[in-house]
**Student:** 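Once you've had a glance at the structure underneath, I'll fire off some questions.
What's counted below: heavy atoms across the whole structure, side chains too, no hydrogens, waters or symmetry copies. Remember, it's a predicted structure, so these values are computed and weren't measured experimentally.
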Amino acid sequence: MKLAIANPRTSKENKTGDWRSFKPIVHTENCIKCGTCASYCPEGCISGVDKKNIQEREFPKIDYDYCKGCGICANECPKKTIEMVQEEK
Amino acid sequence: MEEYFASGHTACAGCGMPITVRHALNVLGKDVIVVNATSCLEIVSSAYPRSAWGVPYIHSLFENSGAIAAGAVASLRVQGNDHTKVVVFAGDGSTYDIGFGVLSGMLERNDDVLYICYDNEAYMNTGNQRSGSTPFGAATTTSPAGKVNHGKMQWKKPIAEIIAAHQIPYVATASIGYMADFESKVRKAKDMKGARFILTLAPCVTGWNYDSSKTIELAKLAVDTGLWMLYEIEDGKFKLSLRPQQFKPVADYLKMQARFKHLSEEQIKTIQEHMNKAWAEMK
Ligand SMILES: Cc1ncc(C[n+]2csc(CCOP(=O)(O)OP(=O)(O)O)c2C)c(N)n1
Ligand code: SF4
Ligand code: SF4
Ligand SMILES: [Mg+2]
């Protein structure tokens, strides 16, 4: 019997990054690795800053395959160090 | 970190609902079964043959998530599983209105379910129709602003109080703009038994009509203006989670959203006064 059940996390086949018209760029020189951007990203597509211990964190890394360019990360970053740059064709 | 709600879901850019779900599941962990009433959440996360879920997931009807969850938990417990949590995610249309009778039954039986409503203040999945949750003055497709009416003419239904009247162990309100508070409420509810209910404000870019970068800012502002109160009712005891030191004017919040753009200064004043009165009664 074949059941019509979707496998976990197969949404990752949807590359929602192509929805984007503005691209977030992290200027790491001012970044304090607080993780605010990653916490509020609706796509959960920012990694690197999720370790509990700040010393063990890397700079935020955005997965552009999924980033829709909403701008929440840039708006919430306490150091205002994420810039939204218009995508080009 | 293990993902329980994966990228590639198709919610609008900037939507508050996936932020709600991702954080709730991070707190709850993988030993859960999710029941999800028909809503934007269901549409954006489970279009066959793909799924964003990393935990077991049941899509219920719009109106019966409370009953599906009650059945799921009863079957777990009868099999001797006393650890798996059953969690409902449902929208405001489902919670305040269409699924309310069934939810009321779940509460009255005190079924061992954590029910989380993500409140975007209208029936968004079908294109922004007014719900019992839509606030006074908001324009929706079924409460348009025109010559006679200025958006919805009724106040928001006090759903958390109505739910608390069922005398369940835990009721709380939250906002994704105060994430640590939301997470601590989920953490507390996680280890309680019986029916628990958390109402979370989750702004909708498309329906509220604002710039997609402002979702968290608005969810904070709703609290800082006093329009959205954060509180808990634990075993019948009411506890305010936060009292804004200095209330921001409600106009700051309303003017960021096109659903309120038709409101006159007079109507904004009506909203401000209604809010002031609610806080005056809070002492
Ligand atoms: C009985 C029934 N009536 C109407 C619908 C159509 N419908 C599907 S989702 C939805 C709106 C859901 O609103 P809400 O619960 O607030 O969730 P949201 O979409 O806003 O996230 C409606 C009206 C339905 N599925 N079932
Ligand atoms: S919010 Fe800003 S400062 Fe904090 S980790 Fe992200 S980029 Fe760095
Ligand atoms: S722009 Fe939006 S989707 Fe893209 S990384 Fe920032 S918060 Fe995430
Ligand atoms: Mg809704």
Side-chain angles (χ1 to χ4, degrees), chain A residues 2-24 34-52 56-58 60-78 80 82-85 87, chain B residues 1-23 25-26 30 34 41 43-59 118 176-180 182-183 202-206 210-220 256:
Chain A
K2 192 169 179 293
L3 287 176
I5 293 181
N7 286 317
R9 306 179 189 92
T10 38
S11 61
K12 297 201 92 165
E13 292 163 26
N14 304 325
K15 304 291 189 225
T16 53
D18 59 14
W19 298 15
R20 193 172 58 238
S21 47
F22 285 86
K23 183 176 187 171
C34 64
T36 306
C37 52
S39 168
Y40 286 131
C41 172
E43 312 312 318
C45 71
I46 308 183
S47 59
V49 278
D50 55 344
K51 291 245 167 60
K52 257 218 156 69
E56 288 169 27
R57 290 183 191 170
E58 295 159 35
K61 197 164 157 281
I62 298 173
D63 189 338
Y64 294 111
D65 276 353
Y66 302 106
C67 164
K68 294 172 188 166
C70 69
I72 290 178
C73 54
N75 197 63
E76 297 309 319
C77 170
K80 291 281 167 256
I82 303 179
E83 183 188 4
M84 300 302 293
V85 180
E87 290 277 2
Chain B
M1 196 153 51
E2 197 167 356
E3 287 171 50
Y4 305 118
F5 191 75
S7 308
H9 65 75
T10 53
C12 302
C15 178
M17 157 265 283
I19 306 177
T20 317
V21 172
R22 209 159 54 74
H23 281 264
L25 289 179
N26 282 348
K30 63 170 168 245
V34 167
L41 174 59
I43 296 296
V44 305
S45 69
S46 70
Y48 187 75
R50 293 172 188 163
S51 166
W53 298 88
V55 289
Y57 170 85
I58 309 169
H59 164 217
Y118 70 95
I176 59 168
Y178 281 84
M179 192 50 85
F182 173 54
E183 287 180 339
C204 164
V205 175
T206 313
Y210 60 86
D211 184 275
S212 63
S213 67
K214 303 292 182 188
T215 298
I216 296 299
E217 197 176 318
L218 273 173
K220 277 199 181 92
M256 278 172 71

**Student:** Side chain, backbone, both or neither: which part of A/Tyr40 has an atom under 4.5 Å from a heavy atom of chain B?
**Tutor:**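 Contact with chain B is through both the backbone and side chain of A/Tyr40.
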**Student:** Taking every heavy-atom pair that is under 4.5 Å apart, which of B/Glu217, B/Arg50, B/Arg22 has the most such pairs with chain A?
**Tutor:**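 Greatest number of close heavy-atom pairs with chain A: B/Arg50.
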**Student:** Could you tell me which portion of B/Lys214 (side chain, backbone, both or neither) has an atom closer than 4.5 angstrom to a non-hydrogen atom of chain A?
**Tutor:**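 Backbone plus side chain of B/Lys214, per the 4.5 Å heavy-atom cut-off to chain A.
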**Student:** Would you mind telling me which of A/Gly71, A/Pro8, A/Ala6, A/Pro42 has the largest number of heavy-atom pairs within less than 4.5 Å of chain B?
**Tutor:**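 That would be A/Pro42.
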**Student:** Pick one of side chain, backbone, both or neither for A/Ser11, based on which atoms fall under 4.5 Å of a heavy atom in chain B.
**Tutor:**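 For A/Ser11, heavy atoms of backbone and side chain both lie under 4.5 Å from chain B.
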**Student:** To check you understand the geometry: which heavy-atom pair defines the closest contact between A/Cys34 and A/Thr36, and what is its length?
**Tutor:**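 Closest approach of A/Cys34 to A/Thr36: SG-OG1, 3.1 Å.
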**Student:** Between B/Phe5 and B/Trp53, is the gap from one ring center to the other below 6.0 Å?
**Tutor:** yes
**Student:** Do B/Ile176 and B/Pro203 have side-chain heavy atoms sitting under 4.5 Å apart?
**Tutor:** yes
**Student:** Given the options B/Gly14, B/Pro18, B/Ala6, B/Ser51, which has more heavy-atom pairs under 4.5 Å with chain A than any of the others?
**Tutor:**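 It is B/Ser51.
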**Student:** Measure across B/Ala13 and A/Trp19 and return the closest heavy-atom pair with its distance rounded to 0.1 Å.
**Tutor:** N-CZ3, 4.3 Å
**Student:** In terms of heavy-atom proximity below 4.5 Å to chain B, should A/Glu76 be classed as side chain, backbone, both, or neither?
**Tutor:** side chain
**Student:** Looking at A/Ala74, A/Cys45, A/Ala4, A/Cys73, which one has more heavy-atom pairs under 4.5 Å with chain B than the rest?
**Tutor:** A/Ala4
**Student:** For B/Thr10, which atoms come within 4.5 Å of any heavy atom of chain A: side chain, backbone, both, or neither?
**Tutor:** both
**Student:** Side chain, backbone, both or neither: which part of A/Ser47 has an atom under 4.5 Å from a heavy atom of chain B?
**Tutor:**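 Neither the backbone nor the side chain of A/Ser47 comes within 4.5 Å of chain B.
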**Student:** Would you say A/Lys15 and A/Tyr66 make side-chain contact, with heavy atoms under 4.5 Å?
**Tutor:** yes
**Student:** If you look at every heavy atom in B/Tyr210 and B/Thr215, which pair is closest and at what distance?
**Tutor:**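 The answer is OH-OG1, 2.9 Å.
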**Student:** With the threshold set at 4.0 Å, does a side-chain nitrogen-carboxylate oxygen contact exist between A/Arg20 and A/Glu43?
**Tutor:** no
